[in-house]
Amino acid sequence: MAVVGPLSVIFNLLLSLLVCHLHFTILIQGEGRWEDKYPFIREASTFSSFSDSYDYIIVGGGTAGCPLAATLSTKFRVLLVERGGVPFTNANVSFMQNFHISLADTSSTSASQFFVSTDGVFNSRARILGGATCINAGFYTRAGPSYIEKAGWDSKLVNESYPWVEKQIVQRPNLAPWQEAVRESLLEIGISPFNGFTYDHIYGTKVGGTIFDHNGRRHSAAELLASANPNKLDVLVHATVQKIDFDTSGKKPQAVGVIFKDENGKVHKAFLSTRKGSEIIVSSGAIGSPHILMLSGIGPKAELEKFNITVVLDNKFVGQGMSDNPMNTIFVPTNRPVEQSLIQTVGITKKGVYIEASSGFGQSGDSISCHHGVASAEIGQLSTIPPKQRTVEAIEAYRRSKKNIPHEAFRGGFILEKIALPLSRGNISLVTTNPDDNPSITFNYFSHPRDLKRCVDGIRIMEKIAKSKHFTNFTQCNKETLDRLLNMSVQANVNLIPKHTHNTESLEQFCKDTVITIWHYHGGCQVGKVIAPDHKVLGVHRLRVIDGSTFKESPGTNPQATVMMMGRYMGVKILRERLGKAAGL
């Protein structure tokens, strides 16, 4: 059934979502209700301020917060507060086929919170229990040994913590045809050896893990809460933290509680136990954690005073050192529809770039009706338009023009390059004192010349892949077909191989004009500047930060594995510090 006319796009999108919802309902019927599996998860409005105090209050139920809460609850009473809802009944989150729809949803109830950095690049933050593991491309790969050593982590405990995650939610993927073609092309152009299927970070070409199962269903960090002690854990959803409360009567400020609003706008306060060792742990992500610290009075004094925030601790480094790994892409058209796939194959080069790929999302009707979203025909989020020109008007003009473009133009997939270890740095600053509002975020993409050089090298690698024997055999496009598809693709607002790849200056401009994000931003609460090596916030008592905001570099090709591992790792470390051998871990 289809509807034609002005409302056709909206109706057919709703129809496709209904079908997805029915498919989702059928899948979960055999697994029982999520409320039975996670009885400790409830709405924030059910919280009573007269509840007992908690040994640990964790602010943010995301990629690190969920494994951290599950681990700490095995021995102590834990409260986990999350501003978003649950992922278990959200079809856009749960199914790979809807990956791009979540990202294109800019409503206030979306699992992803849309923002635009001051650089002009469209971006998203997770707003759901499970965090970024609910809206990402699912690729799972560990950090390399040198990263673990540089972080000062206990390698034995690290190698126990990764498998704790993997046994619960990670799988080996069924390799899609597009991913096979990328794998063979990477090897053909010399990104070798082939390291097979592995979680390890090794130079060459490999197939990594995924948090999507063979039915295309996502298994997020929220499912790690199944390892919790249900009698010692409370999880509140739709609980938006306003600030951390401090006792400032002593020599150093001391965290004593958390003030949050529930889904109805009512304000509550959760109290921290006075027992020695009890702590508030901020795990709200690279944007959320420095943002919450500043709203709570920890940050640059001049900025806090500008917003009439009482200064608890003057620390000029809060919100500084922000970095985002730039991504640039090229679209490769095919003469037929291709199977949907997200990242499964990766090329780890010695040029300081990682090569990944996705396919098949742009050809679906719901994608063509959207205005942006990664791994779709508009992966660049209007990336053929330079960042500062990606305006609301440009988005609307693109939405209108897409309706007249043949669907053939959207068949194909993308080759992606991500800059490893970028040296360009930015910052976060306040815009308002409302925790629901995004702060001002700047990444300063390609401000360091080495990042730009690496991007140029990456574009040349992508060109070789697209022109390799394996890839041209896969796309099955003769010159006449290819020319026709490329002409349509120009109208579809996707990036194609630059015409003058021998010209470095031209490629540098291409990198700057087409830069987008792969959502691997990090920094803002870095070790030695905001926190100590044990993740305790410098200058205050009973407060830690545990998440990607503490990173100076993004781990591995994709960080989710290491962020989840860190939640488990730090939970075990904290228990061992507090209980010694009695921790039993």
**OP:** Could you walk me through whether Ser94 and Arg218 pass side chain to side chain donor-acceptor pair (under 3.5 Å), step by step?
**Re:** CA-CA 5 Å; Ser94 294; Arg218 182 190 297 272; over 6 Å; no
Original post:
Does a side-chain N-to-carboxylate-O contact under 4.0 Å join Glu279 and Arg544?
Top reply: yes
**OP:** Taking atom types as modelled, find out whether Asp247 and Ser249 have a side-chain donor-acceptor pair closer than 3.5 angstrom.
**Re:** yes
Subject >> Flag, side chain of Ser284 to backbone of Val59, donor-acceptor distance under 3.5 Å >> reply: yes
Original post:
Where the side chain of Lys301 meets the backbone of Val311, is there a donor-acceptor pair that is under 3.5 Å apart?
Top reply: no
Subject >> Distance-minimising heavy-atom pair for Asn444 and Arg425 >> reply: ND2-O, 2.8 Å
Original post:
Do Ser45 and Glu263 have a side chain donor and acceptor closer than 3.5 Å?
Top reply: yes
Original post:
Are any side-chain N or O atoms of Asn315 and backbone N or O atoms of Lys529, one a donor and one an acceptor, separated by less than 3.5 Å?
Top reply: yes
Original post:
Between Arg42 and Thr46, is there a donor-acceptor pair closer than 3.5 Å when you use the side chain of the first and the backbone of the second?
Top reply: yes
**OP:** May I ask you to decide if Leu342's main-chain N or O and Gln344's side chain share a donor-acceptor pair within less than 3.5 Å?
**Re:** no
Original post:
Where the side chain of Asn264 meets the backbone of Ala44, is there a donor-acceptor pair that is under 3.5 Å apart?
Top reply: no
**OP:** Answer yes or no: is there a donor N or O on one side and an acceptor on the other, between the side chain of Lys206 and the main chain of Asp200, under 3.5 Å?
**Re:** yes
**OP:** State, without any angle test, whether Arg83 and Gln113 hold a side-chain donor-acceptor pair at a distance under 3.5 Å.
**Re:** yes
Subject >> Among Tyr162, Tyr354, Tyr147, Tyr140, the one residue meeting ring-ring contact (aromatic ring centres under 6.0 Å, His included) with His201 >> reply: Tyr354
**OP:** Scan side-chain atoms only and decide if Ser289 and Asp547 contain a donor-acceptor pair under the 3.5 Å cut-off.
**Re:** yes
Original post:
Considering only heavy atoms from C-beta outward, does the side chain of Ser278 approach that of Tyr54 to under 4.5 Å?
Top reply: no
Subject >> Step-by-step ring pair (Phe, Tyr, Trp, His ring centres under 6.0 Å) determination, Phe47 to Phe260 >> reply: CA-CA 11 Å; Phe47 181 78; Phe260 65 90; 5.4 Å; yes
Original post:
Which heavy-atom pair separates Leu72 from Gly571 by the least distance, and what is that distance?
Top reply: CD2-O, 3.7 Å
Original post:
His535 versus Val545: any side-chain heavy-atom pair under 4.5 Å?
Top reply: no
Original post:
Distance only, no hydrogens: is a donor on one side chain within 3.5 Å (strictly under) of an acceptor on the other, for Asn427 and Thr442?
Top reply: no
Original post:
Are the side chains of Leu575 and Thr71 in touch, meaning some heavy atoms are under 4.5 Å apart?
Top reply: yes
Original post:
Under 30°, 30 to 60°, or over 60°: which ring-plane class applies to Phe443 and Tyr521, parallel, tilted or perpendicular?
Top reply: parallel
Original post:
Ser296 side chain to Ile244 main-chain N or O, any donor-acceptor pair under 3.5 Å?
Top reply: yes
Original post:
Is there a side-chain contact between Ile516 and Asn328, using heavy atoms and a 4.5 Å cut-off?
Top reply: no
Subject >> Residues His268 and Asp262: side-chain donor-acceptor under 3.5 angstrom >> reply: yes
**OP:** Quickly, which of Lys75, Arg275, Lys232 forms a salt bridge (Lys or Arg N to Asp or Glu O under 4.0 Å) with Asp55? Name it, please.
**Re:** Arg275
**OP:** Considering only NZ, NE, NH1 and NH2 on the basic side and carboxylate oxygens on the acidic side, decide whether Asp534 and Lys573 come within less than 4.0 Å.
**Re:** no
Original post:
Is the shortest side-chain N to carboxylate O distance from Glu160 to Lys167 below 4.0 Å?
Top reply: no
Original post:
Shortest non-hydrogen contact from Ser554 to Asn325?
Top reply: CB-OD1, 3.5 Å
**OP:** Applying side chain to side chain donor-acceptor pair (under 3.5 Å), run through Tyr203 and Asn195 and close with a yes or a no.
**Re:** CA-CA 8 Å; Tyr203 285 118; Asn195 295 308; over 6 Å; no
Subject >> Donor + acceptor pair across side chains of Asp324, His520 (<3.5 Å) >> reply: no
**OP:** Before accepting this row, confirm whether a basic side-chain N of the pair Glu166/Arg142 lies closer than 4.0 Å to the acidic partner's carboxylate O.
**Re:** yes
Subject >> Sidechain-backbone polar pair: Ser73 side chain, Asn229 backbone, donor-acceptor under 3.5 Å >> reply: yes
Subject >> Shortest non-hydrogen contact between Ala70 and Thr74, atoms and distance >> reply: O-CG2, 3.5 Å
Original post:
What is the minimum heavy-atom distance between Val121 and Tyr445, and which atoms define it?
Top reply: CG2-CE1, 3.6 Å
Original post:
Does a side-chain heavy-atom distance below 4.5 Å link Met564 with Leu224?
Top reply: yes
Subject >> Check: Phe114 main-chain N/O paired with Ser124 side-chain donor or acceptor under 3.5 Å >> reply: no
Subject >> Closest approach of Thr63 to Gln560 (non-hydrogen atoms, all atoms of both residues) >> reply: CG2-O, 3.9 Å
Original post:
Does a donor on one side chain sit under 3.5 Å from an acceptor on the other, for Asp451 and Ser424?
Top reply: yes
Original post:
How about Glu303 and Ser429: do any of their side-chain heavy atoms sit closer than 4.5 Å?
Top reply: yes
**OP:** Assess the side chains of Gln168 and Ser227: does a donor N or O sit below 3.5 Å from an acceptor N or O?
**Re:** yes
Original post:
Should Lys150 and Glu553 count as an ion pair when the cut-off is N to O under 4.0 Å?
Top reply: yes
